[in-house]
Amino acid sequence: MDGNAAGEGDDNVDWNTEDELEVENYAASSCSSLTPPSVDAASGSVEASSLAGTSHSKLFCEFVGMGFSEKLVTKAIDEIGEGNPNAILESLLTYKVLENSPQEQDIDESTVVKEEVVDSDHSSSDYEGSFLNDFSDEDSYSESEEVINPSSEENKLSFLTDMGYTVEEASIAIERCGPDASVAELADFICAAQMSKEADALLGPEEKPRLFTKHKKRKHSDCDTWSKKRRGEKKLLRGDEEPIRLPNPMVGFGVPTESSAIVHRTLPEAAIGPPYFYYENVALAPKGVWDTISRFLYDVEPEFVDSKYFCATARKRGYVHNLPINNRFPLLPLPPHTIHEALPMTRKWWPSWDTRTKLNCLQTCIGSAKLTERIRKALEHHDSESEPPLRIQKYVLDECRKWNLVWVGRNKLAPLEPDEVEMLLGFPKNHTRGGGISRTDRYKSLGNSFQVDTVAYHLSVLKDLFPAGLNLLSLFSGIGGAEVALHRLGIPLKNVVSVEISEVNRNIMRSWWEQTNQKGSLIHIGDVQQLNGDRIEQLMNSFGGFDLIVGGSPCNNLAGSNRHSRDGLEGKESSLFYDYFRILDLVKCIMSKGQ
DNA sequence: CGCAATATGATATCAATC
DNA sequence: GATTGATATCATATTGCG
């Protein structure tokens, strides 16, 4: 790939590594404006974070043009920074494969490579061609290769078979997706193929959903109308986005206070458990994100719910799950449903022109003292007996809505206290307090958490199904919203495997676990990427599988309040969604094998 | 160094309007 | 149907302080 676009301006970048990972047939078709990548001259020394923020750089386009998926390219660039294209390429080729490795103690200078990567003699181009051709003979695949060569098909293949796919499926996927497809893409492909088996009866094989970004051309109206005729409301094709629409009102399949509840739905065959799964993220994600999430999670339609139907604060979230939806019941006692009920002290100072009855979404940051001072001064500028001018009212209300301010005195507004946030989200008082946790961390942990009443309503159907308790795999546990919800529902927790990167959050959760005298055992794991098939299988063998897998993967690259790196599902943290899918699919496969 | 305070838009949807 | 305005949003980078 050295030579083409790179020749225009960045010859200073050494694209040839020792690894000699050549990518041929570079075609920058998907890039409208192809310009040379703007690589800093001091390539290696550039701090990753300084450049990683730019969303769709030229470098990005270049890699996409090579045939890598957008999500992987973004992830790689985010992890490495644009200053080191070699490392990005390496990362693209190694991504996901290396997760086979259970340990990651020494992270050496080549950021991506956690495991010894010896490869290199066979540059991929010659090798893969022959490999694919020879592949019809299964026996030719030898397990003797101990050295992981992430760019080789063998490892992709073995990784996929480790995930539980058949050799046939894996090899077809490699063939269809191309030699440079990552394991994530391959798994995606196989998954989609499995999911669309039923659809085959209706759709011709050539009209299956094309999940990757390598679409050569867009099949436009013909396909569109064709599949619409067949499928009615839902279109499978990507490219001409038919985004999932958010419901209005955002009540999902039903909430306790509204009568219009859907009590029946038909899950896709591939989605049916065991185990039950429950995935959560922000509803207002960038376009296409929920389509992707839904596609990965076995085509289950997301349930979008605003927590304002459960408590005094809004929280618009999407939930993808395969739980039953009839006979749900809410947590008791019902939490306060209005600001006045939740925060009675504010009523005394609440002006009549502030018509809010619900708070907006509780976030990870709070309004500053400077802001509330500015507002106070603005309000004091007029006659105190009368209402402020409409212009002032609007300014104040805008800021109140933006920062969730409440009235605590005459002309005096304030952000919520941490314990008020705890209460509003359904956590026990002081859940996040003490033990060396700073105030800032409390806001952050709480802002990233579930609204317990909302989640508990969805999980309540499990109470009858698991009267003796359940085994829970909790990914991205945070401060344990799912655990608290199940506990408050009276569903015993037998074994809980909790994966949470933040030590602060792990401490909060362990503290809660001890204070609530849990009978089961709590196993903490730090990093989802460490949770590989072997570890999962070992855990499952020790107590016989998981009944429920809960996870809300990071939203920070999806959330609107992120000014810096709203990169979508391919962002550095939010792409961990794919680990949720990976682990869920692993568990599914292990459990479907029937012990 | 940890912590707190502060400033910093962009994206998406919906409703009204042209 | 296109445009415009209103509204909402599980955040990050930087700076200053103790």
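A, B, ... follow the sequence lines: proteins, then strands. Residue 1 opens every chain.
- Side-chain proximity of A:Leu246 to B:dT13, B:dA7, C:dC10: nearest is B:dT13.
- You'll find that the side chain of A:Arg245 is closest to B:dC14, out of B:dC14, B:dT6, C:dT9.
- As rounded to whole Å, 18 Å separates atom C1' of B:dA5 from atom CZ of A:Arg442.
- Between A:Lys444 atom NZ and B:dA4 atom C1' there is a gap of 14 Å when expressed in whole angstrom units.
- Ranking B:dA7, B:dA10, B:dC3 by closeness to the A:Lys370 side chain, first place goes to B:dA7.
- Within 4.0 Å (heavy atoms only), A:Gly552 reaches at least one base atom of the nucleic acid.
- Contacts between residues 416-439 of chain A and DNA chain C, defined by a heavy-atom separation under 4.0 Å, are absent.
- Only the C1' atoms considered, B:dC14 is 22 Å distant from C:dC10, to the nearest whole Å.
- One finds no side-chain N or O of A:Arg563 lying less than 4.0 angstrom from the OP1 or OP2 phosphate oxygen of B:dT6.
- In this structure, A:Ile479 CD1 and A:Leu425 CG are separated by 7.0 Å, a value rounded to the nearest 0.5 Å.
- When the salt bridge (charged side-chain N to carboxylate O under 4.0 Å, His left out) test is applied to A:Arg376, the partners found at least two apart in sequence or on another chain are A:Glu380.
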Anything under 3.5 Å between a donor and an acceptor, one on a side chain of residues 308-315 of chain A, the other on a protein residue two or more places apart or in another chain? List them.
residue, atom, partner, partner atom, Å
A:Thr313, OG1, A:Asn360, O, 2.9
A:Arg315, NE, A:Ser449, O, 3.1
A:Arg315, NH1, A:Leu362, O, 3.0
A:Arg315, NH2, A:Gly447, O, 2.7
A:Arg315, NH2, A:Ser449, O, 2.9

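- If you measure from atom CG of A:Asn557 to atom C1' of C:dA13, you get 15 Å, rounded to the nearest angstrom.
- With salt bridges taken as basic N to acidic carboxylate O contacts below 4.0 Å, none links A:Glu500 and A:Arg506.
- Residues satisfying the side-chain contact (heavy atoms from CB on, under 4.5 Å) criterion with A:Lys370, sequence neighbours excluded, are A:Ser368, A:Arg374.
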With the criterion being N/O to N/O and under 3.5 Å, what pairs connect the protein with nucleotides 5-8 of chain C, and how long is each?
residue, atom, partner, partner atom, Å
C:dT7, OP2, A:Lys394, NZ, 3.1

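- For A:Glu573 and C:dC10, the CD to P distance is 16 Å, given to the nearest whole Å.
- Annotation: side-chain contact (heavy atoms from CB on, under 4.5 Å) contacts of A:Leu284 (sequence neighbours excluded): A:Leu246, A:Lys316.
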Check: According to the Watson-Crick and G-U wobble definition with distances under 3.5 Å, which dot-bracket string, read 5' to 3', encodes DNA chain B, using [ ] for crossing pairs and | for pairs with another strand?
Finding: ||||||||.|||||||||

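- Straight-line distance between the P atoms of C:dA8 and B:dT8: roughly 22 Å, to the nearest whole Å.
- Salt bridge A:Arg439/A:Glu417: present, at least one basic N to carboxylate O contact under 4.0 Å.
- The minimum heavy-atom distance linking A:Glu483 with A:Ser474 is given by the pair OE2-OG, 2.9 Å.
- Distance A:Lys572 NZ to C:dT12 C1': 12 Å, rounded to the nearest Å.
- Toward the 5′ end of DNA chain B lies the nearest nucleotide of A:Thr440, the other residue of the pair A:Thr440 and A:Ala559 mapping further downstream.
- At a threshold of 4.0 angstrom between heavy atoms, the contacts of A:Thr313 with the nucleic acid are absent.
- Remark: P of B:dT6 and CD of A:Glu399 are 14 Å apart, rounded to the nearest angstrom.
- For A:Val461, the side-chain contact (heavy atoms from CB on, under 4.5 Å) partners two or more places apart in sequence, or in a different chain, are A:Leu323, A:Pro324, A:Arg328.
- Note on A:Arg374: only backbone sugar-phosphate atoms sit closer than 4.0 angstrom, heavy atoms only; bases stay farther off.
- Legend: residues meeting salt bridge (charged side-chain N to carboxylate O under 4.0 Å, His left out) with A:Lys444, ordered by chain and number and at least two apart, are absent.
- One can place OH of A:Tyr443 at 18 Å from C1' of B:dG2, the figure rounded to the nearest angstrom.
- Contact annotation for A:Trp403: base contact, defined as any heavy-atom pair under 4.0 Å involving a base atom.
- Counting all heavy atoms, side chain and backbone alike, A:Trp353 lies closest to A:Leu397 at O-CD1, 3.6 Å.
- For the pair A:Leu446 CG and C:dC10 C1', the interatomic distance rounds to 11 Å; values are reported in whole Å.
- Scanning for salt bridge (charged side-chain N to carboxylate O under 4.0 Å, His left out) contacts around A:Glu422 gives A:Arg442, with sequence neighbours left out.
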Item checked: Worked check of salt bridge (Lys or Arg N to Asp or Glu O under 4.0 Å) between A:Lys394 and A:Asp398 -> CA-CA 6 Å; A:Lys394 173 163 170 42; A:Asp398 283 347; 2.9 Å; yes

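- Looking at heavy-atom distances under 4.0 Å, A:Leu558 makes no contact with the nucleic acid at all.
- How far CZ of A:Phe476 is from CG of A:Leu576: 5.0 Å, rounded to the nearest 0.5 Å.
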Protein-nucleotides 14-18 of chain C N/O pairs closer than 3.5 Å?
none

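- Among residues two or more places apart in sequence or in another chain, the side-chain contact (heavy atoms from CB on, under 4.5 Å) test is passed with A:Ala456 by A:Leu331, A:Ala485, A:Leu489.
- When the nearest nucleotides of DNA chain B are assigned to A:Asn248 and A:Leu371 by heavy-atom distance, the more 5′-ward of the two goes with A:Leu371.
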